[in-house]
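This report concerns only the one structure given below.
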2 protein chains.
Amino acid sequence: MQQRNLTEHVSLSGETELSGKALKVLQAARKVFLAHGFSAATTDMIQREAGVSKSTVYAHFTNKEALFTAVIKSECTAFTRALHNIRFQPGRLKETLGILARTYLDVVLSPSGLALYRVAIAESARFPALAHTFYRAGPQVSARLVADLLAGASQSGEVNFGDTSLEAVACMFVNLVRSELQLQYLTYPDSPPSAAQIETWVTNVVTLFMRAYGGGDK
Amino acid sequence: MQQRNLTEHVSLSGETELSGKALKVLQAARKVFLAHGFSAATTDMIQREAGVSKSTVYAHFTNKEALFTAVIKSECTAFTRALHNIRFQPGRLKETLGILARTYLDVVLSPSGLALYRVAIAESARFPALAHTFYRAGPQVSARLVADLLAGASQSGEVNFGDTSLEAVACMFVNLVRSELQLQYLTYPDSPPSAAQIETWVTNVVTLFMRAYGGGDK
DNA sequence: TTTGTACTGTACCGTACAGTTTGATATGGT
DNA sequence: ACCATATCAAACTGTACGGTACAGTACAAA
(Lines give C-alpha, C1' and ligand atoms only; values in the text may rest on other atoms or scores of the structure.)
Protein backbone atom coordinates (compact mmCIF):
# COMPACT_ATOMS: atom_id res chain seq x y z
CA MET A 1 0.00 0.00 0.00
CA GLN A 2 0.99 3.60 -0.10
CA GLN A 3 0.11 5.35 3.10
CA ARG A 4 2.84 6.95 5.13
CA ASN A 5 1.24 8.44 8.17
CA LEU A 6 0.50 5.72 10.66
CA THR A 7 -0.51 7.82 13.65
CA GLU A 8 -4.23 7.05 13.44
CA HIS A 9 -6.21 4.10 12.18
CA VAL A 10 -9.68 5.21 11.33
CA SER A 11 -11.65 2.79 9.18
CA LEU A 12 -14.25 4.57 7.14
CA SER A 13 -13.21 2.87 3.99
CA GLY A 14 -12.92 -0.83 4.57
CA GLU A 15 -9.47 -1.71 5.78
CA THR A 16 -7.50 -0.18 8.63
CA GLU A 17 -6.33 3.03 7.09
CA LEU A 18 -5.20 6.50 6.62
CA SER A 19 -4.70 9.56 8.78
CA GLY A 20 -6.84 12.68 8.46
CA LYS A 21 -5.74 14.30 5.23
CA ALA A 22 -5.31 11.05 3.39
CA LEU A 23 -8.87 10.17 4.25
CA LYS A 24 -10.04 13.55 2.98
CA VAL A 25 -8.25 12.84 -0.27
CA LEU A 26 -9.80 9.41 -0.55
CA GLN A 27 -13.29 10.73 0.06
CA ALA A 28 -12.80 13.46 -2.49
CA ALA A 29 -11.44 10.96 -4.98
CA ARG A 30 -14.44 8.77 -4.34
CA LYS A 31 -16.80 11.60 -5.17
CA VAL A 32 -14.93 12.67 -8.28
CA PHE A 33 -14.20 9.23 -9.72
CA LEU A 34 -17.72 7.93 -9.15
CA ALA A 35 -19.13 11.00 -10.83
CA HIS A 36 -16.81 11.21 -13.82
CA GLY A 37 -15.09 7.88 -14.25
CA PHE A 38 -11.34 7.55 -14.52
CA SER A 39 -10.38 9.43 -17.66
CA ALA A 40 -12.68 12.41 -17.25
CA ALA A 41 -11.72 12.90 -13.63
CA THR A 42 -8.69 15.07 -12.95
CA THR A 43 -6.39 15.14 -9.99
CA ASP A 44 -7.00 18.87 -9.75
CA MET A 45 -10.70 18.27 -9.16
CA ILE A 46 -9.84 15.82 -6.42
CA GLN A 47 -7.31 18.11 -4.84
CA ARG A 48 -9.77 21.01 -4.87
CA GLU A 49 -12.63 18.86 -3.55
CA ALA A 50 -10.43 17.60 -0.72
CA GLY A 51 -9.38 21.12 0.22
CA VAL A 52 -5.78 19.96 0.13
CA SER A 53 -2.68 20.84 -1.76
CA LYS A 54 -1.46 18.90 -4.73
CA SER A 55 1.60 17.76 -2.85
CA THR A 56 -0.51 16.17 -0.15
CA VAL A 57 -2.37 14.08 -2.68
CA TYR A 58 0.87 12.69 -4.06
CA ALA A 59 2.35 12.27 -0.60
CA HIS A 60 -0.31 9.66 0.15
CA PHE A 61 -0.97 8.07 -3.22
CA THR A 62 1.66 7.31 -5.78
CA ASN A 63 -0.44 8.40 -8.76
CA LYS A 64 -3.91 8.74 -10.23
CA GLU A 65 -4.25 5.02 -10.86
CA ALA A 66 -3.39 4.09 -7.29
CA LEU A 67 -5.95 6.56 -6.06
CA PHE A 68 -8.57 5.11 -8.36
CA THR A 69 -7.77 1.60 -7.27
CA ALA A 70 -8.05 2.57 -3.62
CA VAL A 71 -11.44 4.15 -4.21
CA ILE A 72 -12.97 1.25 -6.08
CA LYS A 73 -11.67 -1.36 -3.67
CA SER A 74 -13.02 0.63 -0.76
CA GLU A 75 -16.40 0.95 -2.48
CA CYS A 76 -16.52 -2.77 -3.15
CA THR A 77 -15.98 -3.68 0.48
CA ALA A 78 -18.57 -1.10 1.52
CA PHE A 79 -20.96 -2.65 -0.98
CA THR A 80 -20.43 -6.13 0.38
CA ARG A 81 -20.86 -4.92 3.93
CA ALA A 82 -24.18 -3.32 3.01
CA LEU A 83 -25.33 -6.59 1.50
CA HIS A 84 -24.61 -8.44 4.71
CA ASN A 85 -27.16 -6.29 6.50
CA ILE A 86 -29.76 -8.41 4.78
CA ARG A 87 -31.38 -10.65 7.36
CA PHE A 88 -34.29 -13.02 7.08
CA GLN A 89 -36.29 -15.45 9.11
CA PRO A 90 -36.73 -19.04 7.94
CA GLY A 91 -40.16 -20.12 6.86
CA ARG A 92 -42.41 -17.62 5.11
CA LEU A 93 -40.20 -17.92 2.04
CA LYS A 94 -42.28 -15.66 -0.15
CA GLU A 95 -42.13 -12.78 2.32
CA THR A 96 -38.43 -13.33 2.91
CA LEU A 97 -37.67 -13.23 -0.80
CA GLY A 98 -39.56 -9.96 -1.07
CA ILE A 99 -37.67 -8.40 1.80
CA LEU A 100 -34.39 -9.63 0.41
CA ALA A 101 -35.17 -8.21 -3.01
CA ARG A 102 -36.12 -4.82 -1.63
CA THR A 103 -33.02 -4.58 0.54
CA TYR A 104 -30.83 -5.64 -2.35
CA LEU A 105 -32.37 -3.02 -4.60
CA ASP A 106 -31.83 -0.40 -1.93
CA VAL A 107 -28.12 -0.97 -2.23
CA VAL A 108 -27.94 -1.50 -5.96
CA LEU A 109 -30.08 1.52 -6.82
CA SER A 110 -28.37 3.86 -4.39
CA PRO A 111 -26.33 6.63 -6.01
CA SER A 112 -23.05 5.08 -5.00
CA GLY A 113 -24.14 1.56 -5.88
CA LEU A 114 -25.13 2.66 -9.32
CA ALA A 115 -22.02 4.76 -9.84
CA LEU A 116 -19.79 1.90 -8.74
CA TYR A 117 -21.41 -0.39 -11.27
CA ARG A 118 -21.03 2.16 -14.04
CA VAL A 119 -17.40 2.92 -13.33
CA ALA A 120 -16.31 -0.65 -12.71
CA ILE A 121 -17.82 -1.69 -16.04
CA ALA A 122 -16.53 1.33 -17.90
CA GLU A 123 -12.95 0.80 -16.76
CA SER A 124 -12.86 -2.98 -16.85
CA ALA A 125 -10.44 -2.90 -19.78
CA ARG A 126 -7.92 -0.64 -18.07
CA PHE A 127 -8.40 -2.15 -14.61
CA PRO A 128 -9.37 -5.80 -15.06
CA ALA A 129 -8.51 -6.71 -11.49
CA LEU A 130 -10.93 -4.11 -10.18
CA ALA A 131 -13.69 -5.45 -12.38
CA HIS A 132 -13.11 -8.91 -10.93
CA THR A 133 -13.17 -7.51 -7.42
CA PHE A 134 -16.45 -5.81 -8.19
CA TYR A 135 -18.08 -8.95 -9.54
CA ARG A 136 -17.05 -10.95 -6.52
CA ALA A 137 -18.03 -8.24 -4.05
CA GLY A 138 -21.43 -7.61 -5.62
CA PRO A 139 -23.27 -10.17 -7.72
CA GLN A 140 -21.35 -13.16 -6.42
CA VAL A 141 -21.90 -12.34 -2.76
CA SER A 142 -25.58 -11.64 -3.38
CA ALA A 143 -26.08 -14.95 -5.12
CA ARG A 144 -24.35 -16.71 -2.26
CA LEU A 145 -26.71 -15.09 0.25
CA VAL A 146 -29.77 -16.12 -1.70
CA ALA A 147 -28.40 -19.61 -2.18
CA ASP A 148 -28.06 -20.00 1.57
CA LEU A 149 -31.62 -18.91 2.06
CA LEU A 150 -32.88 -21.28 -0.62
CA ALA A 151 -30.91 -24.16 0.85
CA GLY A 152 -32.87 -23.77 4.07
CA ALA A 153 -36.18 -23.61 2.23
CA SER A 154 -35.24 -26.60 0.18
CA GLN A 155 -34.44 -28.73 3.22
CA SER A 156 -37.73 -27.85 4.85
CA GLY A 157 -39.49 -28.94 1.67
CA GLU A 158 -40.86 -25.49 1.04
CA VAL A 159 -39.58 -25.52 -2.51
CA ASN A 160 -38.68 -27.94 -5.28
CA PHE A 161 -36.18 -26.90 -7.91
CA GLY A 162 -36.53 -29.89 -10.20
CA ASP A 163 -33.46 -30.31 -12.39
CA THR A 164 -32.17 -26.81 -11.82
CA SER A 165 -29.34 -26.43 -9.35
CA LEU A 166 -29.89 -24.39 -6.23
CA GLU A 167 -27.05 -22.06 -7.16
CA ALA A 168 -28.53 -21.43 -10.58
CA VAL A 169 -31.88 -20.53 -9.07
CA ALA A 170 -30.22 -18.12 -6.66
CA CYS A 171 -28.22 -16.57 -9.47
CA MET A 172 -31.31 -16.13 -11.61
CA PHE A 173 -33.15 -14.53 -8.73
CA VAL A 174 -30.61 -11.82 -7.96
CA ASN A 175 -30.11 -11.05 -11.62
CA LEU A 176 -33.79 -10.73 -12.23
CA VAL A 177 -34.29 -8.53 -9.20
CA ARG A 178 -31.53 -6.19 -10.27
CA SER A 179 -31.26 -5.93 -13.99
CA GLU A 180 -34.22 -4.04 -15.39
CA LEU A 181 -34.51 -1.33 -12.75
CA GLN A 182 -30.77 -0.86 -12.70
CA LEU A 183 -30.62 -0.49 -16.45
CA GLN A 184 -33.49 1.97 -16.46
CA TYR A 185 -31.81 4.07 -13.81
CA LEU A 186 -28.50 3.93 -15.64
CA THR A 187 -29.98 5.10 -18.91
CA TYR A 188 -32.42 7.59 -17.39
CA PRO A 189 -30.40 8.97 -14.46
CA ASP A 190 -32.78 11.89 -14.08
CA SER A 191 -35.87 9.82 -13.44
CA PRO A 192 -35.07 7.12 -10.88
CA PRO A 193 -37.58 4.29 -10.56
CA SER A 194 -40.44 5.15 -8.24
CA ALA A 195 -41.24 3.23 -5.10
CA ALA A 196 -44.38 1.93 -6.78
CA GLN A 197 -42.40 0.71 -9.76
CA ILE A 198 -39.97 -1.09 -7.47
CA GLU A 199 -42.83 -2.67 -5.56
CA THR A 200 -44.50 -3.91 -8.71
CA TRP A 201 -41.29 -5.33 -10.05
CA VAL A 202 -40.42 -7.16 -6.83
CA THR A 203 -43.92 -8.59 -6.62
CA ASN A 204 -43.74 -9.84 -10.17
CA VAL A 205 -40.34 -11.43 -9.66
CA VAL A 206 -41.22 -13.13 -6.40
CA THR A 207 -44.47 -14.36 -7.88
CA LEU A 208 -42.58 -15.80 -10.84
CA PHE A 209 -40.25 -17.77 -8.61
CA MET A 210 -42.97 -18.95 -6.27
CA ARG A 211 -45.07 -20.16 -9.19
CA ALA A 212 -42.10 -22.01 -10.62
CA TYR A 213 -40.60 -23.57 -7.55
CA GLY A 214 -43.03 -23.02 -4.68
CA GLY A 215 -44.97 -26.05 -3.56
CA GLY A 216 -48.76 -25.95 -3.13
CA ASP A 217 -49.23 -22.66 -1.27
CA LYS A 218 -48.29 -20.65 -4.38
CA MET B 1 -26.46 16.46 -39.86
CA GLN B 2 -22.95 17.24 -40.84
CA GLN B 3 -22.07 15.58 -44.09
CA ARG B 4 -21.05 17.71 -47.03
CA ASN B 5 -20.33 15.36 -49.83
CA LEU B 6 -23.59 14.15 -51.32
CA THR B 7 -22.27 12.32 -54.35
CA GLU B 8 -22.88 8.83 -53.01
CA HIS B 9 -25.36 7.38 -50.59
CA VAL B 10 -24.05 4.18 -49.19
CA SER B 11 -25.82 2.96 -46.09
CA LEU B 12 -23.60 0.83 -43.98
CA SER B 13 -24.42 2.68 -40.84
CA GLY B 14 -28.16 2.99 -40.52
CA GLU B 15 -29.37 6.10 -42.28
CA THR B 16 -28.67 7.23 -45.83
CA GLU B 17 -25.17 8.54 -45.50
CA LEU B 18 -21.70 9.53 -46.19
CA SER B 19 -19.33 9.36 -49.12
CA GLY B 20 -16.19 7.22 -49.07
CA LYS B 21 -13.84 9.00 -46.74
CA ALA B 22 -16.54 10.03 -44.32
CA LEU B 23 -17.55 6.42 -44.00
CA LYS B 24 -13.96 5.45 -43.37
CA VAL B 25 -13.84 8.01 -40.59
CA LEU B 26 -17.07 6.76 -39.08
CA GLN B 27 -15.88 3.16 -39.11
CA ALA B 28 -12.60 4.13 -37.52
CA ALA B 29 -14.42 6.19 -34.91
CA ARG B 30 -16.64 3.23 -34.19
CA LYS B 31 -13.65 1.04 -33.53
CA VAL B 32 -11.86 3.57 -31.35
CA PHE B 33 -14.84 4.79 -29.35
CA LEU B 34 -16.18 1.30 -28.67
CA ALA B 35 -12.75 0.22 -27.49
CA HIS B 36 -11.83 3.22 -25.34
CA GLY B 37 -15.00 5.14 -24.53
CA PHE B 38 -15.32 8.84 -25.16
CA SER B 39 -12.73 10.47 -22.91
CA ALA B 40 -9.90 8.04 -23.45
CA ALA B 41 -10.36 8.01 -27.21
CA THR B 42 -8.47 10.63 -29.18
CA THR B 43 -9.21 12.10 -32.55
CA ASP B 44 -5.66 11.27 -33.57
CA MET B 45 -6.31 7.59 -33.01
CA ILE B 46 -9.39 7.86 -35.18
CA GLN B 47 -7.62 9.79 -37.88
CA ARG B 48 -4.77 7.28 -37.95
CA GLU B 49 -7.14 4.31 -37.91
CA ALA B 50 -9.10 5.79 -40.80
CA GLY B 51 -5.94 6.42 -42.84
CA VAL B 52 -7.10 9.94 -43.35
CA SER B 53 -5.83 13.41 -42.58
CA LYS B 54 -6.95 15.46 -39.67
CA SER B 55 -8.60 17.99 -41.92
CA THR B 56 -10.76 15.35 -43.50
CA VAL B 57 -12.12 14.28 -40.15
CA TYR B 58 -13.19 17.81 -39.34
CA ALA B 59 -14.48 18.37 -42.84
CA HIS B 60 -17.14 15.74 -42.24
CA PHE B 61 -17.83 16.03 -38.51
CA THR B 62 -18.00 19.25 -36.58
CA ASN B 63 -16.17 17.90 -33.52
CA LYS B 64 -15.41 14.89 -31.37
CA GLU B 65 -18.83 14.89 -29.75
CA ALA B 66 -20.66 14.88 -33.07
CA LEU B 67 -18.52 11.98 -34.16
CA PHE B 68 -19.28 10.07 -31.00
CA THR B 69 -22.98 10.74 -31.34
CA ALA B 70 -22.95 9.53 -34.93
CA VAL B 71 -21.18 6.33 -33.92
CA ILE B 72 -23.52 5.45 -31.07
CA LYS B 73 -26.66 6.22 -33.01
CA SER B 74 -25.43 4.11 -35.88
CA GLU B 75 -24.61 1.24 -33.52
CA CYS B 76 -28.05 1.44 -31.95
CA THR B 77 -29.85 1.11 -35.25
CA ALA B 78 -27.55 -1.75 -36.21
CA PHE B 79 -28.37 -3.40 -32.91
CA THR B 80 -32.08 -3.07 -33.45
CA ARG B 81 -31.79 -4.41 -36.98
CA ALA B 82 -29.91 -7.44 -35.68
CA LEU B 83 -32.68 -8.07 -33.18
CA HIS B 84 -35.28 -8.11 -35.91
CA ASN B 85 -33.56 -11.08 -37.47
CA ILE B 86 -35.13 -13.12 -34.71
CA ARG B 87 -37.88 -15.26 -36.19
CA PHE B 88 -40.02 -17.90 -34.62
CA GLN B 89 -42.84 -20.26 -35.41
CA PRO B 90 -46.02 -20.22 -33.31
CA GLY B 91 -46.74 -23.23 -31.19
CA ARG B 92 -43.84 -25.08 -29.59
CA LEU B 93 -43.42 -22.18 -27.18
CA LYS B 94 -40.63 -23.75 -25.19
CA GLU B 95 -38.47 -24.32 -28.23
CA THR B 96 -39.22 -20.87 -29.58
CA LEU B 97 -38.22 -19.22 -26.32
CA GLY B 98 -34.95 -21.09 -26.39
CA ILE B 99 -34.19 -20.04 -29.94
CA LEU B 100 -35.11 -16.48 -29.15
CA ALA B 101 -32.88 -16.44 -26.10
CA ARG B 102 -29.91 -17.83 -27.99
CA THR B 103 -30.30 -15.38 -30.85
CA TYR B 104 -30.66 -12.51 -28.44
CA LEU B 105 -27.55 -13.55 -26.59
CA ASP B 106 -25.67 -13.79 -29.86
CA VAL B 107 -26.24 -10.08 -30.37
CA VAL B 108 -25.82 -8.97 -26.77
CA LEU B 109 -22.64 -10.95 -26.18
CA SER B 110 -21.02 -9.99 -29.47
CA PRO B 111 -17.99 -7.72 -29.13
CA SER B 112 -19.83 -4.73 -30.52
CA GLY B 113 -22.99 -5.42 -28.56
CA LEU B 114 -21.04 -5.60 -25.35
CA ALA B 115 -18.97 -2.53 -26.15
CA LEU B 116 -22.05 -0.53 -27.04
CA TYR B 117 -23.60 -1.37 -23.70
CA ARG B 118 -20.45 -0.44 -21.83
CA VAL B 119 -19.95 2.87 -23.59
CA ALA B 120 -23.59 3.92 -23.55
CA ILE B 121 -23.75 3.31 -19.80
CA ALA B 122 -20.39 4.90 -19.12
CA GLU B 123 -21.24 8.11 -20.95
CA SER B 124 -24.88 8.38 -19.96
CA ALA B 125 -24.14 11.43 -17.83
CA ARG B 126 -22.43 13.34 -20.62
CA PHE B 127 -24.75 12.08 -23.37
CA PRO B 128 -28.16 11.42 -21.81
CA ALA B 129 -29.95 11.43 -25.13
CA LEU B 130 -27.70 8.65 -26.42
CA ALA B 131 -28.40 6.57 -23.33
CA HIS B 132 -32.12 6.92 -23.97
CA THR B 133 -31.64 5.95 -27.59
CA PHE B 134 -29.73 2.89 -26.48
CA TYR B 135 -32.40 1.76 -24.04
CA ARG B 136 -35.12 2.10 -26.63
CA ALA B 137 -33.09 0.43 -29.38
CA GLY B 138 -31.98 -2.48 -27.22
CA PRO B 139 -33.91 -3.65 -24.16
CA GLN B 140 -37.17 -2.01 -25.13
CA VAL B 141 -37.28 -3.47 -28.60
CA SER B 142 -36.35 -6.90 -27.30
CA ALA B 143 -39.11 -6.85 -24.73
CA ARG B 144 -41.58 -5.81 -27.41
CA LEU B 145 -40.57 -8.77 -29.58
CA VAL B 146 -41.00 -11.22 -26.74
CA ALA B 147 -44.29 -9.64 -25.76
CA ASP B 148 -45.60 -10.21 -29.26
CA LEU B 149 -44.58 -13.83 -29.10
CA LEU B 150 -46.17 -14.30 -25.72
CA ALA B 151 -49.38 -12.64 -26.86
CA GLY B 152 -49.78 -15.35 -29.47
CA ALA B 153 -49.05 -18.10 -26.98
CA SER B 154 -51.48 -16.58 -24.54
CA GLN B 155 -54.31 -16.48 -27.07
CA SER B 156 -53.80 -20.08 -28.00
CA GLY B 157 -54.01 -20.97 -24.31
CA GLU B 158 -50.48 -22.27 -24.24
CA VAL B 159 -49.66 -20.15 -21.21
CA ASN B 160 -51.33 -18.52 -18.26
CA PHE B 161 -49.74 -15.47 -16.67
CA GLY B 162 -52.06 -15.12 -13.68
CA ASP B 163 -51.99 -11.59 -12.30
CA THR B 164 -48.76 -10.63 -14.03
CA SER B 165 -49.09 -8.52 -17.14
CA LEU B 166 -47.88 -9.89 -20.43
CA GLU B 167 -45.46 -7.00 -20.83
CA ALA B 168 -43.97 -7.61 -17.40
CA VAL B 169 -43.38 -11.26 -18.21
CA ALA B 170 -41.70 -10.35 -21.47
CA CYS B 171 -39.54 -7.78 -19.72
CA MET B 172 -38.50 -10.28 -17.07
CA PHE B 173 -37.61 -12.82 -19.69
CA VAL B 174 -35.27 -10.64 -21.71
CA ASN B 175 -33.62 -9.30 -18.58
CA LEU B 176 -33.06 -12.73 -17.19
CA VAL B 177 -31.68 -14.05 -20.44
CA ARG B 178 -29.23 -11.20 -20.71
CA SER B 179 -28.05 -10.03 -17.34
CA GLU B 180 -25.80 -12.63 -15.77
CA LEU B 181 -23.82 -13.65 -18.83
CA GLN B 182 -23.47 -10.07 -19.93
CA LEU B 183 -22.19 -9.01 -16.52
CA GLN B 184 -19.74 -11.89 -16.41
CA TYR B 185 -18.40 -10.99 -19.82
CA LEU B 186 -18.15 -7.33 -18.90
CA THR B 187 -16.18 -8.01 -15.76
CA TYR B 188 -14.10 -10.85 -17.19
CA PRO B 189 -13.52 -9.66 -20.75
CA ASP B 190 -10.74 -12.19 -21.24
CA SER B 191 -12.83 -15.26 -20.57
CA PRO B 192 -16.08 -15.02 -22.51
CA PRO B 193 -18.85 -17.41 -21.50
CA SER B 194 -18.50 -20.79 -23.17
CA ALA B 195 -21.12 -22.25 -25.45
CA ALA B 196 -21.90 -24.81 -22.78
CA GLN B 197 -22.39 -22.13 -20.19
CA ILE B 198 -24.76 -20.27 -22.48
CA GLU B 199 -26.68 -23.44 -23.17
CA THR B 200 -27.08 -24.24 -19.49
CA TRP B 201 -28.20 -20.74 -18.70
CA VAL B 202 -30.79 -20.63 -21.47
CA THR B 203 -32.14 -24.02 -20.46
CA ASN B 204 -32.48 -22.91 -16.86
CA VAL B 205 -34.23 -19.68 -17.80
CA VAL B 206 -36.65 -21.27 -20.22
CA THR B 207 -37.41 -24.00 -17.71
CA LEU B 208 -38.12 -21.40 -15.06
CA PHE B 209 -40.62 -19.60 -17.24
CA MET B 210 -42.29 -22.78 -18.45
CA ARG B 211 -42.69 -24.03 -14.90
CA ALA B 212 -44.19 -20.72 -13.84
CA TYR B 213 -46.50 -19.98 -16.73
CA GLY B 214 -46.60 -23.05 -18.94
CA GLY B 215 -49.79 -25.10 -18.76
CA GLY B 216 -49.68 -28.86 -18.14
CA ASP B 217 -46.95 -29.86 -20.58
CA LYS B 218 -44.24 -28.30 -18.39
C1' DT C 1 16.06 24.95 20.92
C1' DT C 2 16.36 21.75 17.69
C1' DT C 3 14.64 18.42 14.65
C1' DG C 4 11.33 15.86 12.04
C1' DT C 5 6.95 15.58 9.85
C1' DA C 6 2.94 16.88 7.66
C1' DC C 7 1.33 20.20 4.96
C1' DT C 8 0.70 24.52 1.88
C1' DG C 9 0.90 27.21 -2.35
C1' DT C 10 2.72 27.95 -6.50
C1' DA C 11 5.51 27.59 -10.21
C1' DC C 12 7.10 24.64 -13.47
C1' DC C 13 7.96 20.67 -16.99
C1' DG C 14 6.77 17.74 -20.54
C1' DT C 15 3.19 15.88 -22.84
C1' DA C 16 -1.12 15.33 -25.00
C1' DC C 17 -5.10 16.78 -26.94
C1' DA C 18 -8.93 19.31 -29.74
C1' DG C 19 -9.18 22.01 -33.25
C1' DT C 20 -7.29 25.55 -36.97
C1' DT C 21 -4.65 27.11 -40.60
C1' DT C 22 -1.80 26.90 -44.59
C1' DG C 23 -0.38 25.52 -48.77
C1' DA C 24 0.06 21.97 -51.99
C1' DT C 25 -1.92 18.14 -55.01
C1' DA C 26 -5.24 15.59 -57.51
C1' DT C 27 -9.53 15.08 -59.98
C1' DG C 28 -13.30 15.90 -62.65
C1' DG C 29 -16.71 18.84 -64.70
C1' DT C 30 -17.48 22.98 -67.75
C1' DA D 1 -7.79 26.05 -69.77
C1' DC D 2 -10.29 26.96 -65.72
C1' DC D 3 -12.49 26.28 -61.48
C1' DA D 4 -14.54 23.84 -57.61
C1' DT D 5 -14.06 20.16 -54.59
C1' DA D 6 -11.83 16.83 -51.88
C1' DT D 7 -8.05 15.57 -50.04
C1' DC D 8 -3.33 15.68 -48.05
C1' DA D 9 0.71 16.69 -44.74
C1' DA D 10 2.33 19.44 -41.42
C1' DA D 11 2.90 23.16 -38.61
C1' DC D 12 0.66 25.62 -35.21
C1' DT D 13 -2.47 27.43 -31.11
C1' DG D 14 -4.24 27.24 -26.85
C1' DT D 15 -5.31 24.71 -23.19
C1' DA D 16 -5.35 21.06 -19.87
C1' DC D 17 -3.38 17.47 -17.51
C1' DG D 18 -0.20 14.40 -14.59
C1' DG D 19 3.39 14.87 -11.96
C1' DT D 20 7.52 17.26 -9.71
C1' DA D 21 10.19 20.85 -7.37
C1' DC D 22 10.72 24.08 -4.06
C1' DA D 23 10.43 27.43 -0.58
C1' DG D 24 8.10 28.12 3.38
C1' DT D 25 4.68 27.24 7.59
C1' DA D 26 2.62 24.88 11.71
C1' DC D 27 3.30 21.83 15.25
C1' DA D 28 4.79 18.39 18.27
C1' DA D 29 8.27 15.50 20.26
C1' DA D 30 13.03 15.22 22.10
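This one's a predicted model, so the numbers in the text were calculated from it and none came from an experiment. Basis for what follows: all heavy atoms, side chains included, without hydrogens, waters or symmetry-related copies. Residue numbering restarts at 1 for every chain, and letters A, B, ... go by the order of the sequence lines.
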Checklist entry - Can you list the residues that meet the salt bridge (charged side-chain N to carboxylate O under 4.0 Å, His left out) rule with A:R48, with sequence neighbours excluded? => result none
Checklist entry - Would you say a side-chain N or O of B:H60 is under 4.0 Å from OP1 or OP2 of D:dT7? => result yes
Next on the checklist: Angle between the two end axes of the helix from C:dT1-D:dA30 to C:dT30-D:dA1, five base pairs per end, rounded to 10 degrees?
Outcome noted: 0°
Residues 115-126 of chain B, side-chain donor-acceptor partners within the protein, below 3.5 Å, at least two apart:
{"unit_1": "B:Y117", "atom_1": "OH", "unit_2": "A:Y117", "atom_2": "OH", "d": "2.7"}
{"unit_1": "B:R118", "atom_1": "NH1", "unit_2": "A:S124", "atom_2": "OG", "d": "3.0"}
{"unit_1": "B:E123", "atom_1": "OE2", "unit_2": "B:F38", "atom_2": "N", "d": "3.3"}
{"unit_1": "B:S124", "atom_1": "OG", "unit_2": "A:R118", "atom_2": "NH1", "d": "3.0"}
{"unit_1": "B:S124", "atom_1": "OG", "unit_2": "A:L186", "atom_2": "O", "d": "3.2"}
{"unit_1": "B:S124", "atom_1": "OG", "unit_2": "B:I121", "atom_2": "O", "d": "3.1"}
{"unit_1": "B:R126", "atom_1": "NH2", "unit_2": "B:S39", "atom_2": "OG", "d": "2.8"}

Next on the checklist: Once side-chain contact (heavy atoms from CB on, under 4.5 Å) is applied, do any residues pair with B:S191, and if so which ones, sequence neighbours excluded?
Outcome noted: B:Y188
Item to check | Residues that A:S165 engages under side-chain contact (heavy atoms from CB on, under 4.5 Å), provided they are two or more places apart | outcome: A:E167, A:A168
Item to check | Spacing between B:Q47 atom CD and C:dA18 atom P, to the nearest angstrom | outcome: 11 Å
Checklist entry - Please give, in whole Å, the distance from D:dA6 P to B:L23 CG? => result 16 Å
Checklist outcome for this item: So side-chain hydrogen bond (donor to acceptor under 3.5 Å, both in side chains) across residues 194-204 of chain B, not counting sequence neighbours, yields B:R102-B:E199, B:Q184-B:Q197
Next on the checklist: Just to verify, what does B:K54 make a side-chain hydrogen bond (donor to acceptor under 3.5 Å, both in side chains) with, not counting sequence neighbours?
Outcome noted: B:D44
Next on the checklist: Using the salt bridge (charged side-chain N to carboxylate O under 4.0 Å, His left out) criterion, which residues pair with B:K64? Sequence neighbours excluded.
Outcome noted: none
Checklist entry - Can you tell me how far C1' of C:dA18 sits from NE2 of B:H36, to the nearest Å? => result 17 Å
Item to check | Phosphate contact (D:dA6 OP1 or OP2) by B:T56 side-chain N/O below 4.0 Å | outcome: no
Checklist entry - What is the distance from NZ of B:K24 to C1' of D:dA6, rounded to the nearest Å? => result 14 Å
Next on the checklist: Base contacts versus sugar-phosphate-only contacts with protein, heavy atoms under 4.0 Å: please encode nucleotides 13-25 of chain D as B, S and - from 5' to 3'.
Outcome noted: ----SBBBBB---
Checklist entry - Side chains of A:F161 and A:L150: closer than 4.5 Å at any heavy-atom pair? => result yes
